[in-house]
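Below is one structure; the comments refer to it alone.
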Amino acid sequence: QVQLVESGGGLVQAGGSLRLSCVASGRRVHDYALGWFRQAPGKEREFVAAVSRSGSGTVYADHLKGRFPISRDNAKNTVYLQLNTLQPEDTAVYYCAAGDMVVAPELVSEYMYWGQGTQVTVSS
């Protein structure tokens, strides 16, 4: 079992930044790839970014690449998502996820464990 707790969301003006954190706890946390997804009201959950077990490999949604870098600190069992140049369309609940056999990191079904989410609201 892995437990995931996100934090760092909030209300920000367009053009601003936030850094989301997700602390993982439980057995074999270092054996899991970690990803971030987001879900806006009335829309499906959308892949944002993922990082490999070691932190050396990253994957991004094409339309978000370069704006939302992901990183991981295994000493702290924490994965980060830096949200830069935020726009109103980035408003969503952002979820952290963990999977131990992730082949297609952009798919929701690849992940076994999910956090409760953190709300990000961007005002225009």
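- Tyr32 and Met112 make their closest contact through CE2-SD, 4.4 Å (heavy atoms, listed as atom of the first residue, atom of the second, distance).
- Using modelled atom types, one side-chain atom of Thr91 and one backbone atom of Val122 make a donor-acceptor pair closer than 3.5 Å.
- Between Ile70 and Arg72 there is no side-chain heavy-atom pair separated by less than 4.5 Å.
- Residues Thr118 and Leu20 are in side-chain contact: their nearest non-hydrogen atoms beyond the backbone lie under 4.5 Å apart.
- Side-chain contact check for Val29 versus Leu34: every heavy-atom pair is 4.5 Å or farther apart.
- Residue pairs meeting the disulfide (SG to SG under 2.5 Å) criterion with at least one partner in residues 49-79, sequence neighbours excluded, do not occur; the list is empty.
- Partners of Tyr60 under the ring pair (Phe, Tyr, Trp, His ring centres under 6.0 Å) rule, at least two apart in sequence or in another chain, do not exist in this structure.
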Distance-only criterion, 3.5 Å: show the donor-acceptor pairs between side-chain atoms of residues 76-84 and protein atoms not counting sequence neighbours.
from: Asn77; atom 1: OD1; to: His30; atom 2: NE2; distance (Å): 3.0
from: Thr78; atom 1: OG1; to: Lys76; atom 2: O; distance (Å): 2.8
from: Gln82; atom 1: NE2; to: Asn84; atom 2: OD1; distance (Å): 3.1
from: Asn84; atom 1: OD1; to: Ser17; atom 2: OG; distance (Å): 3.4
from: Asn84; atom 1: ND2; to: Arg67; atom 2: O; distance (Å): 3.4

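- Of all the heavy atoms in Pro88 and Ser123, the pair that sits closest is CG-C, 4.5 Å.
- Residues passing the salt bridge (charged side-chain N to carboxylate O under 4.0 Å, His left out) test with Asp73: none are found, sequence neighbours excluded.
- For Thr121, the side-chain hydrogen bond (donor to acceptor under 3.5 Å, both in side chains) partners are Gln119, not counting sequence neighbours.
- When hydrophobic residues (I, L, V, M, F, W, Y) are linked wherever their side-chain heavy atoms come within less than 4.5 Å, Val23 remains an isolated member.
- The neighbour count for Gln13 CD, taken as heavy atoms of other residues, nucleotides or ligands under 6.0 Å away, does not exceed 12.
- Within the structure, disulfide (SG to SG under 2.5 Å) contacts touching residues 66-100 (residues at least two apart or in different chains) are Cys22-Cys96.
- Under the side-chain hydrogen bond (donor to acceptor under 3.5 Å, both in side chains) criterion, Asp100 pairs with no residue at all, not counting sequence neighbours.
- Residues forming a side chain to side chain contact (heavy atoms under 4.5 Å, CB included) with Ser25 (at least two apart in sequence, or on another chain): Gln3.
- Residues satisfying the side-chain hydrogen bond (donor to acceptor under 3.5 Å, both in side chains) criterion with Ser54, sequence neighbours excluded, are Ser56.
- Linking ILVMFWY residues whenever their side-chain heavy atoms come closer than 4.5 Å, directly or via other members, leaves Val102 and Leu4 in distinct clusters.
- In the hydrophobic clustering of ILVMFWY residues, with side-chain heavy atoms under 4.5 Å counting as a link, Val93 and Phe37 come out together.
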Hey, can you pull the donor-acceptor pairs under 3.5 Å for the side chains in residues 44-51, sequence neighbours left out?
from: Arg45; atom 1: NE; to: Gln39; atom 2: OE1; distance (Å): 3.2
from: Arg45; atom 1: NH2; to: Gln39; atom 2: OE1; distance (Å): 3.3
from: Glu46; atom 1: OE1; to: Arg38; atom 2: NE; distance (Å): 2.7
from: Glu46; atom 1: OE1; to: Arg38; atom 2: NH2; distance (Å): 3.4
from: Glu46; atom 1: OE2; to: His63; atom 2: NE2; distance (Å): 2.8

Would you be so kind as to tabulate the donor-acceptor pairs closer than 3.5 Å made by side chains of residues 104-111, with sequence neighbours excluded?
from: Glu110; atom 1: OE1; to: Val103; atom 2: N; distance (Å): 2.5
from: Glu110; atom 1: OE1; to: Ala104; atom 2: N; distance (Å): 3.0
from: Tyr111; atom 1: OH; to: Pro105; atom 2: O; distance (Å): 2.7

